[in-house]
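Counting starts at 1 for both ligands and their atoms, following the listed order. Quick note: residue numbers are just sequence positions, from 1.
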Amino acid sequence: MSISRDCPICGTPSSNAKIFQKENIDESRISGFSYASRKEPEYMCHELVQCPACDLVYVSRPPAQEELASAYHVADYDSSEEAADAAQAYILAMDPVLKQIKRCDSVLEIGSGTGVLLDLLKARGFSELIGVEPSSAAISAAPDHRRGWLREGIFKEADFAPESFDLICCFMTMEHVQDPMATAQSAAKLLRPGGAFVTVTHDYRSFVNRAMGKRSPIIDIEHMQLFSQTSIRELMQRCGFGNISVKPFVNRYALSYWMRLAPMPSGLKRALKQATHAIGLDKTKIGLNVGNTLAAGYRLND
Ligand SMILES: [Zn+2]
C-alpha cells in the first residue's frame, strides 16, 4: 500500500514536481538485500520526482512506514570492511565539527549499523554513546563491546530526553526515512544548545552521479529522497539550525568495492575482479569524491 506525499522538505505539491526517474521495480528481484547497506546495485527505484522549489528529489508515492520498517528489520548485513572504511572517511570529514561543538560527551547516531563510528567517536572523547539501528542483523554482527550502545528499532524522539546530546549523526540514512524534516526537527530538540546535527547524504547533482544517470547506485528502491547541496541546506535552515556548513568529501574504499558499485556488465565485473585479485590490487584503498556530502548545523542558544 502506498500513500501520496508532497515535497517532504518544503511542502510544494508533488503535482508541481517533474519526473526525475521513472519507476523501475521488478517484484521478483526484491530480496533481503534490497534494503541492506552497501549491496550490489540493482538499479530499481520507485518513481522519483524533483521539487522545483527546494531541489529535493523524492518518491511521491512511498510504501507505508510499517512496510519500510519491516523491510529494514529483516535486511541482511554484509559490509563490515566497507562500514569501517566509511566511518574513517566520516570522522575525517567531521573533524571541523568536533572542534566546534561546545562539548563532546554524548552522541546519538541514527542508523548506526554495527556502531563502528561510535567506536571512533569514543576515541575522540565521547563517553555516552547511543546508536539506533533497525536491522537486527547489523546489531548481531556488532562486536561485544559495542552491543550495549546499540538499540534496535526505528529512531523515535520520545525515546530520549530533550537537550541530552552534544552531537547527533545521521549518516547515509536521511535518504531512507519517511519524513526527513521530522527526523531533523527531532534532532534539534534532542541537542543541547551548542551541539550539532550532522548528516552524510548522497548528492544527486555531483559529477559522478550525473554521469552515471539511472545506473548510479543512488537510484535505488530504498531511497525515499535524494538530496543536493541546496536541498540539505534548506532542510537544516528550516529546522532552525545555525552556522550551517555543506561540504563534499572523499571516500576511501578497496578497489574491489568500487568495482562492485560500478555500472558494468556482470561478466566484465567478474573478469576485472579476478584480474585485480590475481595481481593483489583488489584490496588497495582508493579515495574518490563520489558526491557524498557532509552537512552540519548547530543548535543555537535559545
Ligand atoms: Zn521542496
Can you list, by chain and residue number, the protein N, O or S atoms under 2.8 Å from the Zn ion (ligand 1)?
C7 SG, C10 SG, C51 SG, C54 SG

Main-chain N/O of M174 paired to Q225 side chain as donor or acceptor, under 3.5 Å:
yes

What about F165 and F160, are their ring centers closer than 6.0 Å?
yes

Just checking H223 against H46, ring centres under 6.0 Å apart?
no

Using 0.5 Å steps for rounding, measure from the CG atom of N16 to the SG atom of C51.
8.5 Å

S216 and N209: side chain to side chain donor-acceptor pair (under 3.5 Å), yes or no, with the steps?
CA-CA 6 Å; S216 163; N209 287 325; 2.8 Å; yes

Considering residues at least two apart in sequence or located in another chain, which fulfil the side-chain contact (heavy atoms from CB on, under 4.5 Å) criterion with A89?
F249, N251

